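Bear in mind the structure is a predicted one, so any value in this text is a computation, not a measurement. Every chain is numbered from 1, with letters handed out A, B, ... down the list of sequences.
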Amino acid sequence: MNRLYKMYELEADKVNLPLKLDYFLIAANSDQRCYNSLSLLLDYNCNIENIVLFDYQKLRPKPKDINGVITPNLEILEENYNNYKNFNPTVNHPCVKDDDDVNFMATMTLSENTQIGIDITGFTVPDVFRILYILKELKKIRSLYVYYTEPQHYIFKENIFNKYEHLLGESIYKPVPEYFTVGSYERELLVFFLGFDLLRSNYIYEKALPDEVVVINGFPAYIPKLKDISLLNNYSFLTAHVDNGHIFYTRANNPFSAYNTLCDIRGQFPDYLLNVCVLGTKPMALGACLFCLENKENVKVTYPYPQQYAPNTTQARTKSWCYIINFD
Amino acid sequence: MNPNIIDNPFTQCTARDMQYDEVLAYWCDPFKSYKLDDTELFTSKTPIFIEGARGSGKTMILKYLSYHCQKYIALNNGHTNLLNYFQEKKNIGIYLRYKEDFVNMFSSLACTNDIKRMLFSYYFELLICREIIQIINDLFESSVLGENKANYLDLLNNLSKHIPLKLTNLKELTDYFNKQLMSLDQWVKNSRYFENSEEELIKIVKTNVISSIIKIICDTIPQLKDVLFLIIIDEYENAKEYQKNINTYIKKVDEAENITYRIGMRIEGMSRYDTDMGNEILQVDRDYLLKKLVFRDNSTYKLFLKVISEKRLKTSKFFSSYEITDIETILGKSEDVEKEALDVVQNSPYGITKHFELLEGSMNKKDYAQAIQRLSYPKNPLLEMLNIIWVLRGVPVDETQKQMNEYIAGKVEKNSKYKRDYVDKYKYQLLFILLNIYKRNQKLKKLYYSFNTFAFLSTGSVNDFISLCRNTFYELDKSYYDKIDSYPMIPPVLQTNGAAKTAFEQLGKIKANDENGLQMYTFVMNLGNWFSQFHKDASAKYPETNQFAFENDAEIESRLLLRQCLKSMLKWGALVKKQKIQSISIGRRKGNVYYLNHIFAPLFNISYRIRGGYNPVLPTELFEQMLFNSMEVKDIEKYFVDRKKDKRPKKSMEAKTESDEIQLSLFGEEIEDE
């Protein structure tokens, strides 16, 4: 089925902004981008009845990282994290365990016509998948406004591209339970959205044990060099395990582009269970999530859950986007 | 020559990547090389565990045992009636691989452990049964249906009694199993969101499906009456706490039934022996046989690598067109350490006698100048280094010169100490010392190249050898391809780059591992840096040290975290435990000795050879520190200052007792050399 998609740049396209939202979901994060869309909506007089804040323990800045290294600028990070207080959230839900967020959401009274906005900037990728599952599958929400703010720069330690670290420490590679599938397929295709973390792709490959692999890289990226950085940092994985014809590209800030790419891949590999693993951008994760929600029986979603998430891997911001999602 | 059209024959690294036809295409009979009886693997009714290190070939062997590979063999040999073929063969292998993400999923479920175990077992049963039915269907399709139609219909009839379906063909049964699997998937997705989810699961789950299905098959189809169904489970270690479920199936293997198991697992992959049958545990040689994938000897291993490499090179259009299919031709037979030393010295801007400065502090100017004159042999700086060591140990310059001259002239006695020291003990170590002396003037690293070296670096892992070759071949450029006719050997520098990349990749995999990955990484770094220091020691007191032992194995075993970390390091190949118990160091008790996986040697500029003699013995406290803290070498060595019995200063090497010499030579049999 062909559908038109809608995405708007917030600051450039105010006429398409919602006038009213019943709920706005946001995750606290020391990355200041995560509050930008909410701030803009309020500035543009959007009437938001309830701001629901998810306060994830795992995303709070820690005094030391998993390697025992003292977190630089801890006070600033904590101040950034706590900026959510400026928005007086109606609900401030602490999330100590991984599934505290969805357990809470399962209790929320939502109907199919509830107007919901969610800024995915501050959430982790698996959380985006799980929250959208709840909204679509359990709450039967028909449409959704999803917001995202692009970073201006990524922070590479010592300015060396292969020293980027977002996922810290050991990982546990496992499925997102809401997207777990064994199903009728005997063969599995790993659909891997490239990220910047060095050697993480090799690790995932070793754990996933797929029959085939395809990778999806962000292009055009937020800034031109990022496409090459992801290829560089995944070089050994690409050369060892990926055929030339199995590298796909999708716009880094457009979830619908990611969705379409996955449709193409589905068409090329009709007899495979798709194992979708997203280390790329949040819009890519959103697109992958929409695809997975529509193809529940022949996809699974996996992720290398880290011991710790690095508190601040980007600097400044550029555009904020609104993606209008229709689940019909 | 356009390098873009040249393929890399080593890109398909692992059997896990391969389809069944590819397994056969790359198959090189390993059974003679390993101490493994293929007949036993195919026919033994006793379950068999195949234990092997990462990359040792377990998956290759297990896939080979499977129906799909054996089917290809049958068809290639002209057997079109598969039903009759497997009747004669008397076994059918059903292959299942446990993926870690599947098992890790269970930790996310919010239900009781009993429910989780029930779910795990039913998934297992359904996956195996689906595969069995597909195989049976395949067998019927290949046979003359007219002859077997009655059996086919009987089978459908008998199977229908077992499931709530009236079957008209076997595909419907496959569809039924698929629907059951989808029901389980749906339960997993939603279990936390609806009440009474556990009761819902109990309604779905059935038990003993595998044994029932196999019994019906064997009772109904005469050709399969005596066929043994081998349920092949690969990556058993991934099943983790659910090994207990699998153990129960293994324990229940009955002589009267046509089912048995072939289990592939890594070293230390078995984390539990218990079953669901009360206090019953799995016992080796009673409930199962344990076969370790170990090559008969180093020569056998190298021969096996040559055969595998040849097969791969022959599939490469480029290399086969040039008839270059011998890996030794491409990598070189073995390292030429003397040439390497000569290159280092001759290319140094500080002249060719810098290493003689080691003697400067121990003699006056005149004697020093004479010593240089008498001990020099510019054609071989390694001999010069040995001379320096000898003089530092108190042997007079005259005597050293005499020994050197006799050696050069080929007039040494059979048991000449000079010859033994040079050829057997110190030659390789001397190169490390030389590199350390000259590196200040050049960016100098030890070169790691040649077939022999790669064989050693791979530490018995075929997969690692293939990775070394793969990464090396990726280093090739136009300058190599243009000269391949005249000089097919890949330059040592490129091979060293490939080796370093492989080492770095392996280290990265270890670090990202969810089983004590960070501790493994930290320990490897600490140990590697420490060994590197031994290699730089100009006195060559403990040449090529790359092994160690623990002061107190029992204490480590009793402490959960230390035991787990050690187990992880063995399982994931960061460390290797020597097969035989031996003296843990000179004059010490017998015990376990470990070494750093040789694949890491290029990262730390250390030897990959296994030597006897001195081994550092780690106190438990130090082991713990090395797991959790990045340490400077001097901080590691502080642990030994108080423990050192022998506190002789460097120069008094001449006081080395005769007994030390004997003990060193006793360990000489451990040396694995070119």
Side-chain angles (χ1 to χ4, degrees), chain A residues 66-68 98-99 102-103 106 133-134 137-138 167-188 197-213 235-237 239-243 275 277 296-297 300 302-307, chain B residues 8 11-13 16-17 19 97-110 123 126-127 130-131 134 174-175 177-179 181-182 184-186 188-193 234-235 238 467 470-471 474 501-502 504-505 507-509 511-519 522 628-630:
Chain A
I66 201 75
N67 300 315
D98 257 348
D99 54 4
V102 294
N103 286 345
Y133 182 90
I134 296 261
E137 296 297 317
L138 296 185
L167 308 174
L168 303 179
E170 296 162 13
S171 294
I172 297 179
Y173 176 72
K174 59 181 179 177
V176 179
E178 289 80 358
Y179 298 82
F180 177 73
T181 306
V182 166
S184 59
Y185 295 88
E186 288 161 42
R187 301 182 70 188
E188 188 172 297
D197 280 75
L198 190 65
L199 295 178
R200 201 55 73 159
S201 46
N202 271 329
Y203 164 79
I204 288 165
Y205 180 84
E206 292 279 317
K207 297 294 181 181
L209 305 178
D211 295 290
E212 291 279 355
V213 185
Y235 175 77
S236 66
F237 164 68
T239 50
H241 302 299
V242 182
D243 293 336
N275 175 0
C277 184
K296 288 192 298 293
E297 287 180 0
K300 72 178 183 186
T302 55
Y303 194 75
Y305 289 81
Q307 277 181 287
Chain B
N8 184 332
T11 45
Q12 280 232 326
C13 294
R16 289 184 322 215
D17 299 340
Q19 301 307 313
R97 185 173 63 205
Y98 269 116
K99 299 191 182 189
E100 207 167 321
D101 65 311
F102 172 79
V103 178
N104 285 342
M105 178 274 295
F106 287 82
S107 63
S108 304
L109 296 177
Y123 263 120
L126 286 173
L127 290 168
R130 181 178 71 182
E131 181 71 4
Q134 286 173 332
T174 306
D175 291 342
F177 287 133
N178 280 335
K179 279 194 184 124
L181 284 165
M182 289 194 278
L184 292 185
D185 292 343
Q186 198 60 21
V188 167
K189 286 172 176 148
N190 293 324
S191 61
R192 77 172 81 223
Y193 301 115
D234 199 0
E235 317 256 352
N238 288 340
S467 294
R470 172 175 53 80
N471 284 329
Y474 272 129
K501 253 193 204 141
T502 309
F504 182 67
E505 276 172 13
L507 193 60
K509 283 180 198 171
K511 186 179 183 186
N513 203 294
D514 53 10
E515 281 183 44
N516 310 117
L518 199 54
Q519 286 76 38
T522 307
F628 293 100
N629 298 299
S630 297

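When all heavy atoms of B/Leu518 and B/Thr522 are compared, the pair lying nearest together is O-OG1, 2.7 Å.
Using a 4.5 Å cut-off between heavy atoms, A/Glu186 touches chain B through backbone and side chain atoms alike. Proximity to chain B (any heavy atom under 4.5 Å) is restricted, for A/Thr302, to the side chain, taken from C-beta onward. Within the 4.5 angstrom heavy-atom criterion, only backbone atoms of A/Tyr185 (N, CA, C, O) approach chain B. For A/Asn103, the part lying under 4.5 angstrom from a heavy atom of chain B is the side chain only. Using a 4.5 Å cut-off between heavy atoms, B/Tyr123 contacts chain A through its side chain alone, with no backbone atom that close. Contact of B/Leu126 with chain A is not made at all, since no heavy-atom distance falls under 4.5 Å. Contact of A/Tyr133 with chain B is made through the side chain alone, with heavy-atom distances under 4.5 Å. Contact annotation for A/Leu138: only side-chain heavy atoms (C-beta onward) come within less than 4.5 Å of a heavy atom of chain B. Of the two parts of A/Ile134, only the side chain, counted from C-beta on, holds a non-hydrogen atom closer than 4.5 Å to a non-hydrogen atom of chain B.
Here OH of A/Tyr235 is found 12.5 Å from CG of A/Asn202. Values are rounded to the nearest 0.5 Å.
Salt bridge B/Arg470/B/Glu505: present, at least one basic N to carboxylate O contact under 4.0 Å. Ion pairing between A/Glu137 and B/Lys189 fails under the 4.0 Å rule for side-chain N and carboxylate O.
Taking chain B as the reference chain and counting heavy-atom pairs below 4.5 Å, the highest number among A/Glu212, A/Lys300, A/Lys207, A/Gln307 is found for A/Lys207. The residue among B/Gly508, B/Ala512, B/Ser630, B/Ala110 with the most heavy atom pairs within less than 4.5 Å of chain A is B/Ala512. Contact count against chain A (heavy-atom pairs under 4.5 Å) is highest for B/Arg192 among B/Lys509, B/Met182, B/Arg192.
Of the N and O atoms on the side chains of A/Glu206 and A/Tyr173, not one donor lies less than 3.5 Å from an acceptor on the other residue.
The main-chain N or O of A/Lys296 is found under 3.5 Å from a side-chain atom of A/Thr181 such that the two form a donor-acceptor pair.
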Take B/Arg130 and B/Leu127, measure what side-chain contact (heavy atoms from CB on, under 4.5 Å) needs, and give me the verdict at the end.
-> CA-CA 5 Å; B/Arg130 181 178 71 182; B/Leu127 290 168; 3.8 Å; yes
Between A/Leu209 and B/Phe102, is a side-chain contact (heavy atoms from CB on, under 4.5 Å) present by the stated rule, with each step listed?
-> CA-CA 11 Å; A/Leu209 305 178; B/Phe102 172 79; over 6 Å; no
